[in-house]
Each structure stands twice: as structure tokens, then as C-alpha cells.
Amino acid sequence: MTNPNQTPIPELYVSEAAAAALKDEAGNMPSWDLTPRQICDLELLMNGGFNPLKGFLTQADYDGVVSDMRLTSGALWPMPINLDVSEKFAEGLEPGTDIALRDQEGVILAIMSVTDKWVPNKSLEAEKVFGADDLAHPAVNYLHNTAGPVYLGGPVKGLQTPTHYDFRARRNTPNELRTFFKKLGWNRVVAFQTRNPLHRAHQELTFRAAREAQANLLIHPVVGMTKPGDVDHFTRVRCYEAVLDKYPAATTNLSLLNLAMRMAGPREAVWHGLIRANHGVTHFIVGRDHAGPGKNSQGEDFYGPYDAQDLFRQYQDEIGVEMVDFKHMVYVQERAQYEPADEIEEGVTVLNISGTELRRRLREGLDIPEWFSFPEVVQQLRRTSPPRAQQGFTVFFTGLSGSGKSTVANALMVKLMEMGGRPVSLLDGDVVRKHLSSELGFSKEHRDINIKRIGYVASEITKNGGIAICAPIAPYTATRRAVREMVEAGGAFVEIHISTPLEECERRDRKGLYKLAREGKIKEFTGISDPYEEPQNPELTVDTTNIDVDAAAHQVLLKLEAMGLIGLS
């Protein structure tokens, strides 16, 4: 029996000579610098991972995908893949215009012939694709607060693949994997999708899946963009490599997939299946709550635990890949082994450690038992997740002008410097505007740029083990969330809402700013003519109306101690 998925699939790259000619022509074309997510999408378009797509979706294809997961050709495709751009860039573009698509260093990766330009209904896209227009969903938040307002569609000519300097031997295109499987005679291949480190339960379920499907195993983790807060891919790949020798070398392969996940649950599972079919696999493990993003704004799961399996099963024949149900594996103490949760009789002792509990144990330097994970994996995780008292972190004060942010931040800085142990940097709003953002005004766009600059600097300080204290007004929820995501990639983010009421802030008004704002002499002033969106779930809220600065700063210290970030003893 041969595997039909071993026949080469079409790629979108042009010949070397054509690529050289197009690069010369590209100097006269409009250029778009791709975002990290767009680079992931473009790579999988060019190498055939997104086959049958020939470029970014046209408006008609986009409408079909959003409404019923179909391209205009009738082919199954569940995820919108569009080039989202700014209004300014889109202004001069007409259908028939060729644009150069560049990476973040300015290298030309592809030429796109724009056939369609439109402003999408993003709320409808969120409802249809993700099941809810809820900003608690990371992809919906991205859609509304990061993605550009205008979509472009049209075919792509690939000139060169994006450059990856890490784990190069582990990165395979769909056709490279197809050739590999054919060479080894792997006619049945089951793929395991993951964005987490591999623990013992994962090993057991992949063993069982391979046995059940009588197939070879492809461990195929995502190393593009996953959910904010996930373990970085460098650490994860080191974990995968550390446990590869636990698998039979003759029947197991590890390959990395540069996919930007959307965490779209059921639709994502179908999408993952189509992508894996392009990579030459015959079977695919679909997990419980596959690619689920967690809780919605009401504290409930976005998707049912088996919604992804149900949708995949519905389209399985069309996808061309057979689903292997993920078995939820738990450890049975009496038998010292992992077994499917639904096959365990009453009366036995079941042990489990959740992801939250694992992160707590890493954060607090506690033991992680060998029945749960491999010592080699734990060692890698401890390298990048040391106990919290050894990590960098950011304290982010937000509040109205005159609320006491800067004063409390200064007092906190002195107290932390007195304690010693880590370098402390204060990024005060006024000081940052003078040194980093002197060219910016106070429009919403400029305020967002200023806060994101503060967030970037704070994230670098945090990543390198220091303490960053930020004290801007930061009036917008989405921008504060963006900063949180930047910082949490490298350490803890502690949001402190200085909730001093507007009347008290106005009464203090040392600089006379509120008076000028009331008189209309200062435009776009937060709390008067511009909104302040109060934090909904800050780590700490402090009203400085009736407490002195020292007491307010001490409240913050106590919170940092409770979070394990410092020791007061």
C-alpha cells in the first residue's frame, strides 16, 4: 500500500532566474513590511503548507471561508488568510498593483499581485471563525487591536523562504517530509500537534495513538506563534530533543511547523488536519479541547471539550487524514502507569498535575515528580523558568494624572533598591516622553505608541532579570494588555491601578493641567476630554486619597512578596 500523500504538492516559488528579475523590479513597487504572523502565513503559502491557496484570500474566498469554511472553488478551508494592512498603505493601491512583501529586515520574500482590497466586518469574522466577538479570546483581541483595518487579497510569487537561524535541521517543508516518508517507506504516519513541552502523559498517548493507527509517529510542534504566555519555542524544542531517545528512533521523527496558531478550537482542528495532509501524514491526533484558548469573559470555556473532534470527524474524508481521538491520560498510582481516564475503575488513586500547578511548582522551586515529567524536561524548564524570586518583573502603575502614580513609583523604586539583589529601572511617563517619545503628541495613536515603547523597554529589562517600574497614565485597556503580553514573555507583570478619584486628582492639580483642560486649552486630556478605561482585574488597586506615599508603596511591596517576586524577611 502506498501513501497518496507522498506525491509532491505545488509550491508558489518561482525559478531562481525569475526571482532575481523580480527582485530587481521590486525596487519600484510599494513595499509592505510583514508582521511576525504574516511571515508565518506567507511561508506556509509559499511552501505548500496552505495548499490549495495560491496567495492571500480574495474577498469572495474570504466571505466563503468566514461563512461556511469553503473557498469559491468549493474546497474546504476554515481559516481566513489575508494580508491585513494600514489604511495609509492601502490608500494608493488599485487592483492589478504588485507589491513587494518584505521581512522585518527589509529582505524581499515574495511579490503579491493585489486583486482585492476591502474593509472587513471584523465582528462578524470573530463570531463566525472564533465563535464569539469576545476580547478574552487572543485571536479576537489580535483581530481588533493589532491587525490592520484593510485586507488585501491576491496571488503570491515566492522569491525566497524566510530565514530561520534556529533548529535548521528540524525544519522541513511539506515536500521534504513527503520525500522523507517515501524514502523510509512510511505509508502510515500519525502526527502529534503540540504547543507545550512533552511530559510522560503525552508520551503515553502518542505511543498508544501510533499503535492504534499502526503508524509511524511524527511529532510536529508549532514553533511560529502560539497563545501569549506559552513556553517559548526555544525551550520547548530543547525539551522535545531531550526526550526523543524515549521514542523508537526507527519509527519516530521530530519536525517543526512555523505556523501562527489562532486558537480557534474546532475550526483550528480542521485547519491543522489540512496542513498535516499537505505534509504527507495519514493520521492526526485531535485532542480534548484542541487548540482551545481557555476561558471567555464569563469565565467559561470558549469551546466544548469534544467540539473539535466532532467537527474534524464531520470533514475527515474531505481532509484526507484519519482522526485519532486524543485519550485524556491520567496516572494510576497503584499500577504506576498512565491510562485513559475513561477506562479507569472506581477506587484507584488517580494523580494529575495541571498546567497551572506545574507553573506554580516551577515558580516556587518545588519538586516536580518523575511520574509526571522527565527529569530532562524539568531541567530545561527550570533553566528558563527559575523561581520567581530570581526572575525579572515589571510593576506597571496606571491611573489618572495627579493620582499619585509617579510618587508611589519613586518610593517603590527606592525601597526595592534598598533591598538590593536586582537592578531597578523607573520608566516614568513624563521622562519617557522626553527621552523616547519627544516627537509624539497626545492622540490615541500616539499615546498607544508611547505606551508600547515603555512596554518594550520594560520587557527587555524583565527578560534580563531586572525590575522595571512604569508609571504612565496608560488609559486604554487594549494597550495595557499588549504591554502585559510583551512583558510576560520574559517574566511577571504586576498591574497596579492607582484608583484615586478624578475629584481628588483635580483638587491636587499641582501643574494646573485640569484647569486648562476644563477651559478647553488642553485638548485630549485623560479624564476630561479623553476616556480612562479602568483596569478590570489589576493585581492591586490603591487609592491614595487617605493614605501617605510610604503606606501605598508598602502595599505594593506586600503584593510583590505574596506573588513570590521578593522576600521581605
Side-chain angles (χ1 to χ4, degrees), residues 4-58 61 73 81-83 85 89 93 95-116 152-184 218 220 222-225 253-260 274-281:
N5 293 356
Q6 290 175 355
T7 306
I9 57 167
E11 297 181 349
L12 303 184
Y13 292 105
V14 298
S15 68
E16 201 171 317
L22 284 169
K23 282 181 183 178
D24 289 340
E25 293 175 27
N28 299 316
M29 297 177 190
S31 281
W32 177 255
D33 290 345
L34 298 160
T35 66
R37 185 160 98 169
Q38 290 168 349
I39 291 173
C40 290
D41 287 350
L42 179 64
E43 179 172 352
L44 286 165
L45 281 170
M46 294 191 298
N47 69 20
F50 283 173
N51 183 60
L53 303 191
K54 304 303 179 191
F56 292 100
L57 296 184
T58 63
D61 279 331
S73 66
I81 305 294
N82 292 96
L83 189 70
V85 299
F89 181 76
L93 296 181
T97 305
D98 285 350
I99 61 174
L101 303 180
R102 300 176 184 266
D103 68 13
Q104 295 180 308
E105 277 74 51
V107 176
I108 299 172
L109 302 178
I111 304 296
M112 175 183 177
S113 298
V114 177
T115 59
D116 295 67
L152 303 179
V156 161
K157 294 176 182 173
L159 307 188
Q160 67 181 74
T161 186
T163 302
H164 300 288
Y165 297 106
D166 60 321
F167 307 114
R168 297 178 80 150
R170 298 284 185 196
R171 295 179 181 270
N172 305 105
T173 68
N175 281 327
E176 285 170 347
L177 274 183
R178 285 168 172 247
T179 301
F180 174 80
F181 298 151
K182 188 174 184 178
K183 181 178 181 181
L184 294 189
L218 175 68
H220 207 202
V222 169
V223 294
M225 298 173 70
N253 189 42
L254 168 65
S255 181
L256 310 181
L257 179 65
N258 197 47
L259 175 71
L274 290 165
I275 292 166
R276 272 26 183 256
N278 287 330
H279 282 77
V281 310

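Just the heavy atoms: all of them, side chains too, but no hydrogens, waters or symmetry mates, feed the values below.
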Looking only at heavy atoms, which two atoms of [X] and [Y] are closest? And how far apart?
| X | Y | value |
| --- | --- | --- |
| Pro174 | Ile9 | CB-CD1, 3.8 Å |
| Met225 | Val222 | O-CG1, 4.3 Å |
| Asn258 | Cys40 | O-CB, 3.6 Å |
| Pro30 | Asp98 | CD-O, 3.4 Å |

As an exercise, state the distance from [atom1] of [X] to [atom2] of [Y], rounded to the nearest 0.5 Å.
| X | Y | atom1 | atom2 | value |
| --- | --- | --- | --- | --- |
| Leu83 | Leu101 | CG | CG | 6.0 Å |
| Leu159 | Ile111 | CG | CD1 | 5.0 Å |
| Ile81 | Asp41 | CD1 | CG | 4.5 Å |
| Thr163 | Asp103 | OG1 | CG | 7.0 Å |
| Lys54 | Leu45 | NZ | CG | 10.5 Å |
| Arg170 | Asn253 | CZ | CG | 7.5 Å |

**Study point:** Set of side-chain contact (heavy atoms from CB on, under 4.5 Å) partners for Pro162, sequence neighbours left out
**Key:** Ile39, Glu43, Met46, Leu109, His164
Exercise for review: List in chain and number order the residues that pass side-chain contact (heavy atoms from CB on, under 4.5 Å) with Pro95, two or more places apart in sequence or in another chain; answer none if no residue qualifies.
Suggested key: none
Would you say the side-chain atoms of [X] pair up with the backbone N or O of [Y], donor to acceptor, closer than 3.5 Å?
| X | Y | result |
| --- | --- | --- |
| Arg171 | Asp166 | yes |
| Asp116 | Gly154 | no |
| Asn82 | Leu57 | yes |
| Arg178 | Thr173 | no |

In a table with atom names and distances, give each donor-acceptor pair under 3.5 Å that connects a side chain of residues 12-27 to protein atoms at least two apart or in another chain.
from  : atom 1 : to     : atom 2 : distance (Å)
Ser15 : OG     : Ala18  : N      : 3.1
Lys23 : NZ     : Gln160 : OE1    : 2.7

Exercise for review: Output, in order, the C-alpha distance, side-chain angles, deciding distance and verdict of side-chain contact (heavy atoms from CB on, under 4.5 Å) for Leu257 and Leu44.
Suggested key: CA-CA 9 Å; Leu257 179 65; Leu44 286 165; 3.9 Å; yes
Less than 4.5 Å apart, side chain to side chain, heavy atoms only: is that true for [X] and [Y]?
| X | Y | answer |
| --- | --- | --- |
| Val156 | Leu42 | yes |
| Phe56 | Val114 | no |
| Leu218 | Phe181 | yes |

Review point. After noting the C-alpha distance and the side-chain angles of Ile99 and Phe89, does the key distance pass the side-chain contact (heavy atoms from CB on, under 4.5 Å) rule?
Key: CA-CA 11 Å; Ile99 61 174; Phe89 181 76; 4.2 Å; yes
Point to revise | Full working for side-chain contact (heavy atoms from CB on, under 4.5 Å) between Asp33 and Arg102 | key: CA-CA 5 Å; Asp33 290 345; Arg102 300 176 184 266; 3.7 Å; yes
Point to revise | Check against side-chain contact (heavy atoms from CB on, under 4.5 Å), Trp32 and Leu152 | key: CA-CA 11 Å; Trp32 177 255; Leu152 303 179; over 6 Å; no
Practice item. Indicate the ring-plane relationship of His220 and His279, choosing parallel, tilted or perpendicular according to the 30° and 60° boundaries. Key: perpendicular
